[in-house]
Amino acid sequence: MTGSLSLTSAEARFAAGAKAPVAPSGSTQSNRLDTGGLIDRAAPLNFTFDGKAMTGFAGDTLASALVANGVRLVGRSFKYHRPRGILTAGSEEPNALVELRSGARREPNTKATTAELYQGLEALSQNRWPSLRYDVMSVNQLLSPIFVAGFYYKTFMWPAKFWEMIYEPAIRRAAGLGRSSGLADPDHYDKAWAHCDVLVVGSGPTGVSAALAAGRAGARVILAEEDSRAGGRLLSDGGEIGGMSSREWLANALAELSSLSNVRVMTRTAVFGVYDGGTYGALERVNDHVATPPEHEVRQRLWRIVAKRCVVAAGAIERPIVFSGNDRPGVMMASAVRTYIERFAALPGKRVALFTNNSDGWRTVEAALRAGVEISAVIDSRPGIPEELRAMAEVSGFRVFNGVVHDVRGGASGISRISVAQAKGTTVEIAADTLAMSGGWNPSVGLASHHRGRPTWRDDIAAFVPGECPPGMVVAGAANGDFSLGACLRAGHAAGIAAAAESGRTQKAGSPAAASDEALSITPLWHVEGKHKAFVDFQHDVTASDIALAQREGFESVEHLKRYTTLGMATDQGRNSNVTGLAIMAEVSGRTIPQTGTTIYRPPQVPVAIGALAGHHRDENFHSTRLTPSHRWAAERGATFVDTGLWKRAQWYPLPGEKDWLTSVDREVLTVRNGVGFCDVSTLGKIDVMGPDAGAFLDRVYINAFSSLGVGKARYGLMLREDGIVMDDGTTSRLAEDHYFLTTTTAKAGPVMQYLEYCRQVLWPELDVQLTSCTDQWAQFSIAGPKTRDLLREIVEPSEDLSNEGFPFMAVREVKLRGGVVARLFRISFSGEMAFEISVPARFGDALARNLMIAGKQFGVIPYGTEALGVMRIEKGHVAGPELNGTTTAGDLGLGKMASKKKDFVGRVLAAREGLVDPNRQVVVGLKPVDKARRLRSGAHTIPKGARPSPETDQGYVTSVCHSPMLGQWIGLGLVERGRERYGEIVRAHDPLRGEDYDVEICNPVFYDPEGGRQRG
Amino acid sequence: MRIACPFCGERENGEFTYLGDAKPQRPAMVALEVAGGAAGEAEAFYDYVYLRDNVAGEMDEYWYHGGGCRSWLRLTRNTATHEITSVEAAPGTGASSSPASTAGTIS
Ligand SMILES: [Zn+2]
């Protein structure tokens, strides 16, 4: 921004370097210089804008290519549909938002200023209908009185239905900002971690200087730059560093950085957020600059960078001046004008005027002169315009006015004249096709303020600088209000050395490069009174008069101002507009700018696509998937799988010819109850509880006793939460004096493990007990049905005694399988049939399933899935997840008698509370429709016969249902008030969701074999 | 946020599970032979289970390193700034050495 602005240099460059733009033959690039710029003229690229074919060069952004093609109108504004042109050359762009790409890759609201040009790029302007030039909705401008600040709140208050049916759809059609493709994103996104000593944000003179110093000192450095090219303003501003051109110095510095193995330069990487503990979020646009990512490459990558120290060298953003018509195509930020000229060799116009309140704006004049552009005038609002600038104007032959621009004229394709009100009172009309404006510079304080540090105001630069930074962060250079090139280089160097030293790296770092120290001279000017709309927030169409109106209506606090006018709430997050908006609020409310204050800055600093935040976690990879040991075998058999938490479990195994799932499930149940079947139950949580105090430990966490359990025995156990509600249940076996094998439900495997560790570590470390999760280590199958023993005898060594005497109900022991594998066998039954559970090391699970099929063929063995498992447990009245639902007590489940009276246990005290032992509580019962042909549905509520359904008459609900092939009808379990006293009573099952109401009978929940003879036989 | 597990080193907070306030202490387990419980234990457990301070500032709290060593840790963390000033393993810190009541009905 500084550097030599002396008469002689400007004169010399003007004299020597002027080259009028010449469009190459066959090129559409009417505004392209034939030399200069960081573009590759040997690599022309074709693209289309609103269907029109154009050309650009490698190195262009879409915006610079549009400038080179003489395009001035690029979009329509949000509320008023005013014609808009490109305003900036960076990621703060509010106007030039396009729909990029087509089909499923169409991406709305893409900033043309950051979209790199590629061969075949397709872009559409937004927010216009039927075309950009003839936009029907620009009639909104005529209706603008209703679109003033707070219009959403004022206009659409009544009646509520009108909002949904008329206003909102109409507003959305009229004011949409681009269209989503509505199709699944075909690209991949990645997430990654990086760790470093020093993260440098921004690669302008400050950032490069900081990275060099820290890198030389030996620190592990990451230099993140959002642009495709490192250099920041060194790419646009000219100037000299250390006796060479700043571009040459930059090239040398980048070469040195790439030679340092401890330094990583990440371009196209925007740091968007500062999180706790030195964690930074960054978005790398890996393949946004090509039409489609190469195969197996990602489109974008979300980085979490953990840095001991961070140097924010994010620069500053030039701010507009608010005057009538400041949004017309052709009005552009002064820094953007020179960026397009210097970096892209593209001319925003052929007769350029400058409106500035500071010395830095004049650098644009210098760049324009060097490119041979006519300067029509400079309007400088500062009272004293330095003599050397006036002299330069004289030599170069343009006029300088002390005054302000108070209006501009021109149509949709750009301005033609500007009206200048001179300080001395007269008005002058100037012909110009481009007006460069500079209202001063706002240091980029966003990242520094992400931990709620409030920026502080500096009068000398008329801008906010960062206040208290997050721990480990320093801000240097223009981002800290030091605008001169020399100061930036020094500040970056010092910050780099300090950050490295704080990370323990102290090798010699040399001294900073030297450059000019010319300070910014600025006299604040925010707003020029005028007759027409003067815009503060271009993207949301917030004008100076909207701010004044908000103030009059009492929305004076900046947070209210923001929400009432929507100032700063668009995708640019107010990077162009916030400071100006609050300066105007300060003006109209008679306060100072620091008194008015700033809004809170929150991540993300730049927009981040949801796809990038999701990374690979979408579709089938949304979460990880756990497969049972027999999964592959089950899939080969054509099993239907169901998601149970992370697990995929076989739900049923359809046979050819079976017409629906119910046929398959009924068959599986009947086969088990009459023959034999097996089911993979490996998903149950399994925990080894070991140590001399294992029994004492289990006594404390289960309501029933386990220290008294004999070795070689299993017992059903119930755990309560400390508040007396049931937490989980399962069968736990004693394998040795000091070794229990605990099982949990599938859903609670993780939480129970965590809870037991809490008990062991935090509550009772005096107990000598260890816990090991072994869910994944064991493949476990339930084998059930009257022919279970016949089948098992085929796979265990003949010496194993499986008789009822040799292996009674609830016994447990190791058995040797034929072939030598040692298995654990548990005589437990969930189905109510004669059953065993057998477990083998997980790697043998697949083979076990296959061998059970072979060995059991003679007995008609089948595999059964979770549906049949569920049917059989409901037929037996066993509770499961729907009954253990976080509201039920042991008593509600009919398990109250299990609670030991001889020992203390978790939940004992609060389980005794009045409300938890109330005889009116809803308890588990069986339910069956009186009409045996009717299907029972879970979720239906039970209402007494004759009562009107209401919350007052509601007495419970159906929790689990199934079709019972044994009973030949639908049955279910439910929770019903005083249910155990009401067996035989008919109540209504009321189901307003499905519009059903039918009679059901309350009954004993054990529908099948209530004496339990089958499982003990 | 990053937590320096005393066993695993500094790890990101996704590896940890938050439990909450580490101040409440569970009344000790009691023997039940005599009266089936201790006088006043319902009140003591009500306090233990339900009453929590809502601190804006430094707070002692439990975190579980489930994505690492499975240790329960006791952190001192500023709830307003997320600054963590202490991390230690938490053996026994959640249990009171005395039962719910000191009425003496229970041995
Ligand atoms: Zn750990």
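Quick note: numbers below take in every heavy atom, side chains included, and nothing from hydrogens, waters or symmetry partners. Since the structure is predicted, the reported quantities are computational estimates derived from the model, not experimental observations. Below, chain A is the first sequence line, B the second, and so on; all start at residue 1.
Counting heavy-atom pairs under 4.5 Å between each of A:F905, A:Y758, A:Y275 and chain B puts A:Y758 at the top.
Of the possible polar contacts, one joining the A:D904 side chain to the B:V30 backbone as a donor-acceptor pair under 3.5 Å is found. The backbone N or O of B:W72 lies less than 3.5 Å from a partner atom in the side chain of A:Q761, making a donor-acceptor pair.
Annotation: side chain of A:K902 is not in contact with side chain of B:L32 (no heavy-atom distance under 4.5 Å). Between A:R721 and B:V49, the closest side-chain pair of non-hydrogen atoms is not below 4.5 Å.
Here B:Y50 contributes atom OH and A:D723 contributes atom CG; the two are 4.5 Å apart, rounded to the nearest 0.5 Å. The distance from atom CZ of B:R70 to atom OG1 of A:T772, rounded to the nearest 0.5 Å, is 7.5 Å. A distance of 4.0 Å separates CZ of B:R26 from CD of A:E722, quoted to the nearest 0.5 Å.
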task: Show your working on side chain to side chain contact (heavy atoms under 4.5 Å, CB included) between B:R2 and A:D276 and close with a plain yes or no.
output: CA-CA 7 Å; B:R2 297 179 68 76; A:D276 295 301; over 6 Å; no

Applying side chain to side chain contact (heavy atoms under 4.5 Å, CB included) to A:V909 and B:Y48, what does each step give before you reach the verdict? CA-CA 11 Å; A:V909 173; B:Y48 169 64; over 6 Å; no

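Under the side-chain hydrogen bond (donor to acceptor under 3.5 Å, both in side chains) criterion, the residue pairs touching residues 73-84 of chain B are B:D60-B:R74, B:D60-B:T76, B:E61-B:R77, B:R77-B:H82, with sequence neighbours excluded.
When heavy atoms are compared at a cutoff of 4.5 Å, A:R452 does not approach chain B at all. Proximity to chain B (any heavy atom under 4.5 Å) is restricted, for A:V306, to the side chain, taken from C-beta onward. For A:L763, the parts lying near chain B are the backbone and the side chain together; criterion is any non-hydrogen pair under 4.5 Å.
By the neighbour-count criterion of 12 heavy atoms within 6.0 Å, atom CD1 of A:I610 is sparsely surrounded, having that number or fewer from other residues, nucleotides or ligands. By the neighbour-count criterion of 12 heavy atoms within 6.0 Å, atom CD of A:Q777 is densely surrounded, having more than that number from other residues, nucleotides or ligands.
Closest heavy-atom contact between A:P765 and B:P91: CG-C, 3.7 Å.
For residues 5-19 of chain B, the interface with chain A (any heavy-atom pair closer than 4.5 Å) comprises B:E10, B:E12, B:T17, B:L19, sorted by residue number.
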